[in-house]
Amino acid sequence: LLQTSRRLSGTAPAEGTGVAGEAPAGVVLMARAPFTVQTGFCRAPDNRTLRGKYCGCYTPLGPPACYERFASEPWAACVSWNSVDSMCYGYSRTLTEPEHCPARCSPRTGTGSTAEYAGNGFPPATAMVPKDIDDDCALTGFWALDEDIVMRIWKVDYDLGNYQEMGRGRCIDHGGRVFGGWSGEGVDFNTCKAACDSSAACVGLEFSENSACMVRFDINEDFPEEPPSPSLQDLDDGDD
């Protein structure tokens with residue numbers, strides 16, 4: 001499974017498990033960028049009150065869940081979580097972005113534009129600053145382990161573009177239901193990725209080592225009635 005970084009509405013099954021308890025060999029998943037963890041709220045390094053426009057959401061499950069809410073937002077330059085009230089915040093670098101916040105998040109006014117972010121040292125808060133990884137590598141997941149956040153990264157053989165690695169399995173939503181989609185055999189990776197890129201309703205794709213491609217869509221976001229590519233002729237209704 002590959003998931004586009006422009007949206008993160010699905011949840012990957014655990015490594016080595018599929019929705020029905022098995023993962024097809026060679027099928028990979030993609031999402032999230034790694035981050036550095038610092039103490040405090042996200043602020044400009046040289047001005048501990050300066051922050052761009054941001055979004056706030058109640059997120060009681062801690063820093064990893066907080067980061068995941070903004071991992072697919074291209075404008076999110078830093079994410080912070082407050083342990084006092086379980087509020088999660090995603091910050092942009094400007095006073096104009098974002099135009100829209102993720103679901104169940106509300107927009108907040110910034111104090112100024114900043115090119116970089118760092119934690120401002122406020123003890124109850126955790127700042128998570130995204131960092132780049134090698135283009136030939138991809139993150140397959142991250143977990144809270146005691147007081148640390150642990151990540152697993154592996155080398156991949158494809159140009160992921162705006163996609164990120166999630167693990168192995170099929171695209172499912174937060175309720176464990178498989179997204180519907182279109183599939184085909186003998187499809188190269190770039191063709192598979194382009195089929196997902198062609199629709200705003202695409203939540204991600206699955207690509208196997210034997211060149212099988214499955215492009216998954218959100219049925220509530222204008223599911224395509226016709227194949228998104230001539231190479232994908234098999235319709236899968238999923239669990240919707």
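All figures in this text were calculated on a predicted structure; none of them were measured in a lab.
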- line: Sequence neighbours excluded, the answer for side chain to side chain contact (heavy atoms under 4.5 Å, CB included) partners of P102 is C55, F70, E73, W75, C105
Joint hydrophobic cluster, F223 plus L205, side-chain heavy atoms closer than 4.5 Å: yes
field: side chain to side chain contact (heavy atoms under 4.5 Å, CB included) between V215 and C202, worked out
entry: CA-CA 7 Å; V215 179; C202 182; 3.5 Å; yes
- prompt: Distance from L61 atom CG to C88 atom SG, nearest 0.5 Å?
  reply: 10.5 Å
query: Between R216 and E206, is there a side-chain N and carboxylate O pair less than 4.0 Å apart?
result: yes
message: How long is the straight-line distance from OG1 of T111 back to NZ of K53, given to the nearest 0.5 Å?
response: 14.0 Å
Same apolar cluster (I L V M F W Y, side chains within < 4.5 Å links), M214/L235: no
message: Once ring pair (Phe, Tyr, Trp, His ring centres under 6.0 Å) is applied, do any residues pair with Y58, and if so which ones, sequence neighbours excluded?
response: none
statement: In short, S229 meets A195 closest at the heavy-atom pair CB-CB, 4.1 Å
query: Could you state the interatomic distance from SG (C57) to CZ (R69), rounded to the nearest 0.5 Å?
result: 4.0 Å
- line: So OH of Y67 and OG of S80: to nearest 0.5 Å the spacing works out to 13.0 Å
query: Under the side-chain hydrogen bond (donor to acceptor under 3.5 Å, both in side chains) rule, what pairs show up with a residue in residues 112-124, not counting sequence neighbours?
result: none
query: Which heavy atom of S231 sits nearest a heavy atom of T191, and at what distance?
result: OG-CG2, 4.0 Å
message: Once salt bridge (charged side-chain N to carboxylate O under 4.0 Å, His left out) is applied, do any residues pair with D234, and if so which ones, sequence neighbours excluded?
response: none
- request: Among Ile, Leu, Val, Met, Phe, Trp and Tyr joined by side-chain contacts under 4.5 Å, find the other residues sharing a cluster with V84 and list them by chain and number.
  value: none
- prompt: Of the non-hydrogen atoms in C66 and V79, which two are nearest, and what is the gap between them?
  reply: SG-CG1, 3.4 Å
statement: Here the pair of heavy atoms bringing V129 nearest to C78 is CG2-SG, 3.8 Å
task: Calculate, to the nearest 0.5 Å, the distance between atoms CZ and OG belonging to F217 and S199 respectively.
output: 5.0 Å
query: Can you find a heavy atom in the side chain of C42 that is under 4.5 Å from one in the side chain of R51?
result: no
task: Determine the minimum heavy-atom distance between Y89 and G56, stating which atoms define it.
output: CD2-CA, 3.6 Å
message: Just to verify, what does S83 make a side chain to side chain contact (heavy atoms under 4.5 Å, CB included) with, not counting sequence neighbours?
response: W81, P124
task: Specify the closest pair of heavy atoms between V187 and C213, including all atoms of both residues, with the distance to one decimal.
output: CB-CB, 3.9 Å
Reported CD-to-OG distance for the pair E97 and S92, which is rounded to 0.5 angstrom: 6.0 Å
- prompt: Parallel, tilted or perpendicular for Y54 and Y91, by the 30°/60° rule?
  reply: parallel
